[in-house]
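A short worksheet on the structure shown next.
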Amino acid sequence: MSAQILDGKATAAAIKSELAQRVAALRAQGVLPGLGTVLVGEDPGSQKYVAGKHRDCAQVGIASIQRELPATATQEEIEAVVRELNEDPACTGYIVQLPLPKGIDENRILELMDPAKDADGLHPANLGRLVLNEPAPLPCTPFGIVTLLRHFGVEINGAEVVVVGRGVTIGRPMPLLLTRRSENATVTQCHTGTRDLAAHLRRADIIVAAAGVPHLVKPEDVKPGAAVLDVGVSRDEHGKIVGDVHPGVAEVAGWISPNPGGVGPMTRAQLLVNVVEAAERQAASTA
Ligand SMILES: Nc1nc2c(c(=O)[nH]1)N[C@@H](CN(C=O)c1ccc(C(=O)N[C@@H](CCC(=O)O)C(=O)O)cc1)CN2
């Protein structure tokens, strides 16, 4: 039997149509949410993701502010753009597209952002608030995964979840979201140093595969009926996406997120949620 599809594209469309109404309400109060993006370099994947973010903004009525720098940009030049967006009143939230080119101190750039405008939830103060269980913008991909699972009624409460990966955008924050009382999952974090990944995967009710290793999760390593989220993005020689999950997993799993069309569109939708919520907070504080 084939797994049910965790359709991120359709779920994101529903989120965006609800957001369009909230943006219209903000505009009626004279508040115009504006998303800024900082893109450094010419990585085709990053260019595509940023373009998608601005397409989404246009759909829901959020203004777009785009800053692009060449791959040769210095730390100081990137920091100058970050300082400018911190001060720009038209920019109510923004992101710095990651990864930044080699040699750039990414953490220093994230630290420089105004945490009140951090639409990615990656500023150290916001990650700290997540650890402390305080309200904060949530990192978009983990937030999108939780929303997707909830939307399709996949049981998270009490589930054994295995997260594969330890990067700052997904692997590190994902267990923080899943172990909140509202989600109540038990999480095992695996990574390239994990000795017997298959043994962990076989016990999981939910697998979040975010290692960037093509077809790392194989059908024989998945518990029948498990929910499997494919976050990995590698490319074949034609530029086509190859995920972390082997296609044969669809015959064993109970739920599977397509890739593309699963977690990617949810990442973008949750970014807009963060932008709208920040604008709503700003509107409330000036009312
Ligand atoms: N500042 C950030 N940088 C990065 C993040 C992030 O959350 N914040 N996450 C990833 C990339 N990412 C977001 O920027 C992202 C990945 C994928 C998609 C997406 O819509 N994918 C489509 C397929 C697009 C394609 O064909 O390549 C899909 O899955 O259907 C959007 C955003 C790293 N950097």
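A quick note: this is a predicted structure, and the numbers were derived from the prediction, not measured. When a ligand or atom number is given, it counts from 1 through the structure's own listing order.
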- Does the side chain of Asn86 pick up a donor-acceptor pair with the side chain of Tyr94 at under 3.5 Å? yes

- Message: Do Val50 and Val168 land in one hydrophobic cluster if side-chain heavy atoms of ILVMFWY residues count as linked below 4.5 Å?
- Response: no

- Message: Less than 3.5 Å apart, any donor N or O on the side chain of Thr267 or Thr141 sitting next to an acceptor on the other?
- Response: yes

- Task: Identify which one of Val23, Val60, Leu271 satisfies the side-chain contact (heavy atoms from CB on, under 4.5 Å) criterion when paired with Val276.
- Result: Val23

- Could you check Ile170, Val231, Leu201 and say which one makes a side-chain contact (heavy atoms from CB on, under 4.5 Å) with Val164? Leu201

Per-pair distances, ligand 1 N/O vs protein N/O, less than 3.5 Å:
from, atom 1, to, atom 2, distance (Å)
ligand 1, 1 (N), Val96, O, 2.8
ligand 1, 1 (N), Asp120, OD2, 2.5
ligand 1, 3 (N), Leu98, N, 3.1
ligand 1, 8 (N), Asp120, OD1, 3.3
ligand 1, 8 (N), Asp120, OD2, 3.0
ligand 1, 14 (O), Lys53, NZ, 2.6
ligand 1, 14 (O), Gln97, OE1, 3.4
ligand 1, 14 (O), Gln97, NE2, 2.9
ligand 1, 20 (O), Arg268, NH1, 2.9
ligand 1, 26 (O), Lys48, NZ, 3.3
ligand 1, 27 (O), Arg235, NH1, 3.4
ligand 1, 27 (O), Arg235, NH2, 2.8
ligand 1, 30 (O), Gly261, N, 2.7
ligand 1, 34 (N), Gln97, NE2, 3.3
ligand 1, 34 (N), Leu98, O, 2.8

- Message: I'd like to know if the side chain of Thr188 pairs up with that of Arg203 as donor and acceptor (distance under 3.5 Å, no hydrogens or angles considered).
- Response: no

